[in-house]
Each structure stands twice: as C-alpha cells, then as structure tokens.
Amino acid sequence: MPELPEVETTRRGIAPQIVGRRVRDVRIYDRRLRQPVPANLERLLQGRRIDAVERRSRYLLFRMDTGTLLVHFGMTGSLRAYAKLPARVPHDHLDIVFDSGVALRYHDPRRFGLVLWIPAQSPTHPLLAELGPEPLEAGFNAKDLQRALRGRTAAIKLALMDNRIVCGVGNIYANESLFRARIRPTTAAGRVSRARLARLVEEVRATLTEAIASGGSTLRDYVDSEGTAGSFQLSYCVYGREGLPCRVCGTAIRAVRQGGRTSFYCPRCQRR
DNA sequence: AGGAAAACCTGCGTGC
DNA sequence: TGCACGCAGGTTTTCC
C-alpha cells in the first residue's frame, strides 16, 4: 500500500482516535514480518499512553514516555482503526486495543513490513539514521538536491527513490513527479540542471500534497484507517498507463525497467 | 564505491 | 479448470 501519502493518510486517520489513550491489551497472532515482532511487545505497550503519532519517511512512530513503537507497511501492510474488531482474516498480524475501546489492527500479506520497539533512551535507530530530508519540508530544495546529485551517473528516477537523497518517494510518485517536471526518468541525475531540479522539487511537493488530499492511492487493497479507499490513482498521468495516450500530448506512454521497478514516461513530454 | 541484481513474501491477472 | 509465469505501493543484501 504505502508511499508517503498513504502512510500520512493513515497517520491522520489514526492519531485523533488514540492520542492520549492508554493501551489496554495487545494481541499478537503472527510475528513473522521483515524482522520478528518483539517477543515482549505486549509487556512494553501494556498500560502506556500514546503521546503523539508522527511520521518520518514511510515510518509511523507512536510516541510513549518509555519509547516509540515503529511501524512500517512494506508493500502490503496496513493499519486500521476499529470501534469493534471484526473477525480475523488471514494475514492479520496483531491488534492493539485502547482504553477507549478503539483498536488498531495490523495486516500484511507479503510480510515486508515492520513492527519494532525503540526504547526512549536509545540513540537514533539505524532505520531512521540515514534518511534524507522530508519531501514536504524545507530541507528538500534545489540547492541541496543539486549538491547531493553532483557527479552522479545513476538515473534521476533511482535518485528520487533513494531515501538518503529524499525520503518517502516511491515508484508511483517518482514516475508522476518526473512527468509533471518533464524530466525523463533515465536521465543521469548529475546532468539535470539546477532550474530543472527546482521544477522537480516543486512537482514532487505538489504531487504528494494532492495525493494526500485525495486520501492516497488504492491499487489493489489499500484503504485508510477507516477502511475508505483513496482516489489519487484516478489522477495518474503515467503510472500503469503503458500504451495509453499521454494526457497532455496524446503520445503513447512508454514503460522501461529501472532498478527492478517499472518506470513510465511520455517520450514527447519528457525528452531529457 | 557506485550501481545493478537478487532476495525477502503472497496474491492476482494473463495466457496457454 | 488448472497451471506456469510475471508482476506488484519497499528495503536490504549481495555481487560485480
């Protein structure tokens, strides 16, 4: 499910329901994720109050006085809030029940996701230590981006999806942002001019902001914390549109493989 | 050291 | 109907 807009949509849906609430019960059904769900998670969370729900890159961070619960959705993970939990279905991994009766359920068929505990006194967690700037914050700008990409021969799209350069931009939104900035995904990152990088920064911001406003994208199964589907997939210009006419010029959209992922672009609108 | 490829998983659509 | 194959929103590891 998750690029930044889907994680942020989930955060906004969940936070008002659980901030200030205490964990009444934790039930774990399947610990198998990218790393096993911690053996003592139940004890760590029991009775703790949620002070805040934050997002860094595609990580959700549930802040408590004793530490932070870190949740990542991998490719297919999701977190939903329920006033009353429904019957379990395959790939439900765990429930966190609060004193209000609201419960969060984590579901992840492919198990690329993560549920980890970070103690309050520990240094920056390795997963968070090397992350680049947030794309919607001032740290993501043409000047710093140009410095980061100087001399790089890797394709601009791969750089855009590199969490050390800028975090949270995945395959869908990298493709869409590059189309809107009129930059071909295969162009060497170090060869994109400052002016074009400035345009790219603006288009990444606009694309993500619009996607969040649409509640994210629902491709196969993603729904927000309330179970509502996102609608940004209806706005795609290039993603998943190989062979279909460009919405701007009518030229057939092309697909190419980069870094094991499919890139989509308009050969006429994105010349270099 | 940068960069490409493979690995980790399950589910679904397609084509034979 | 069944089966083989390829592909999918991410990240890490391995290999050149």
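Values in this document were obtained by computation on a predicted structure and should not be read as measured data.
Rounded to whole Å, the distance from CG on D30(A) to P on dC9(B) is 12 Å. Nucleotide dT10(B) holds its P atom 8 Å from the NE2 atom of H91(A), rounded to whole Å. Protein atom CG of L60(A) is 15 Å distant from nucleotide atom C1' of dG10(C), rounded to whole Å. One interatomic measurement links the two molecules: CD of E3(A) to P of dG9(C), which rounds to 8 Å at whole-angstrom precision. Rounded to whole Å, the distance from CZ on F264(A) to P on dA8(C) is 6 Å. Atom-to-atom, OH of Y236(A) to P of dA8(C) comes out at 13 Å; the value is rounded to the nearest Å. M75(A) places its CE atom 13 Å from the P atom of dC7(C), with the value rounded to the nearest Å. To the nearest angstrom, P of dG3(B) lies 15 Å from NZ of K157(A).
Note: Y236(A) and F179(A) fail the aromatic proximity criterion, with ring centroids not under 6.0 Å apart.
Between dT11(C) and dA1(B), the two P atoms lie 24 Å apart (nearest whole Å). Separation of the P atoms belonging to dA6(B) and dG6(C) is 13 Å when rounded to the nearest angstrom. Taking atom P in both dC7(C) and dA5(B), one finds a spacing of 14 Å when rounded to whole Å.
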Contacts under 3.5 Å, N or O only, protein and nucleotides 11-14 of chain C:
from    : atom 1 : to      : atom 2 : distance (Å)
dT11(C) : OP1    : R58(A)  : NE     : 3.3
dT11(C) : OP1    : H72(A)  : NE2    : 2.8
dT11(C) : OP2    : R58(A)  : NE     : 3.3
dT11(C) : OP2    : R58(A)  : NH2    : 2.4
dT11(C) : OP2    : N163(A) : ND2    : 3.1
dT11(C) : O3'    : R34(A)  : NH2    : 3.3

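The pair D65(A)-R49(A) fails the salt-bridge criterion, with no side-chain N (NZ, NE, NH1 or NH2) lying under 4.0 Å from an Asp/Glu carboxylate O.
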Pairs under 3.5 angstrom only: tabulate donor-acceptor contacts from the side chains of residues 147-154 of chain A to other protein residues two or more places apart or in another chain.
from    : atom 1 : to      : atom 2 : distance (Å)
R147(A) : NH1    : D144(A) : OD1    : 3.4

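Interface residues of residues 140-155 of chain A facing DNA chain C, ordered by number: none; criterion, heavy-atom separation under 4.0 Å. Of the residues in residues 182-191 of chain A, not one places a heavy atom less than 4.0 Å from an atom of DNA chain C.
Residues meeting the side chain to side chain donor-acceptor pair (under 3.5 Å) test with R261(A), sequence neighbours left out: none. For N171(A), the side chain to side chain donor-acceptor pair (under 3.5 Å) test picks out K157(A), N175(A), with sequence neighbours left out. Under the rule for a salt bridge (Lys or Arg N to Asp or Glu O under 4.0 Å), the partners of R27(A) that lie at least two apart in sequence or sit in another chain are D25(A). Looking at residues two or more places apart in sequence or on another chain, you find a salt bridge (Lys or Arg N to Asp or Glu O under 4.0 Å) between R105(A) and D92(A), D95(A). R205(A) pairs by the salt bridge (Lys or Arg N to Asp or Glu O under 4.0 Å) definition with E202(A), not counting sequence neighbours. Every residue was checked against the salt bridge (Lys or Arg N to Asp or Glu O under 4.0 Å) condition with R184(A), not counting sequence neighbours, and none meets it.
With hydrogens and angles ignored, a donor-acceptor pair under 3.5 angstrom links the side chain of R110(A) to the base of dC9(B).
For T262(A), a side-chain nitrogen or oxygen approaches OP1 or OP2 of dA8(C) to under 4.0 Å.
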Original post:
Passes side-chain hydrogen bond (donor to acceptor under 3.5 Å, both in side chains), R257(A) versus S263(A)? Steps please.
Top reply: CA-CA 6 Å; R257(A) 204 83 181 154; S263(A) 298; over 6 Å; no

Original post:
Is there a side-chain hydrogen bond (donor to acceptor under 3.5 Å, both in side chains) between Y265(A) and T186(A) once you walk through the steps?
Top reply: CA-CA 10 Å; Y265(A) 67 97; T186(A) 49; 6.0 Å; no

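Backbone-only engagement by L158(A) is indicated by non-hydrogen atom pairs under 4.0 Å involving sugar-phosphate atoms exclusively. Counting any heavy atom pair closer than 4.0 Å across all strands shown, R257(A) reaches sugar-phosphate atoms only and no base atom. Residue contacts shown for G260(A) are absent, as no nucleic acid heavy atom lies under 4.0 Å away.
Across all non-hydrogen atoms, the minimal contact from G243(A) to A252(A) is O-CB, 4.0 Å.
Proximity note for F112(A) (side chain, C-beta onward) versus dC8(B), dT10(B), dA8(C): the nearest is dC8(B).
Counted within 6.0 Å of CZ on R272(A), heavy atoms from surrounding residues, nucleotides or ligands total 12 or fewer; the atom is thus considered open.
With side-chain heavy atoms closer than 4.5 Å counting as contact, directly or through intermediates, the hydrophobic cluster containing L128(A) also holds Y59(A), L61(A), L70(A), L114(A), L116(A), I118(A), L127(A), L131(A).
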Original post:
According to the Watson-Crick and G-U wobble definition with distances under 3.5 Å, which dot-bracket string, read 5' to 3', encodes DNA chain B, using [ ] for crossing pairs and | for pairs with another strand?
Top reply: .|||||||.|||||||

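The backbone N or O of L197(A) sits nowhere less than 3.5 Å from a side-chain atom of Q146(A) that would complete a donor-acceptor pair.
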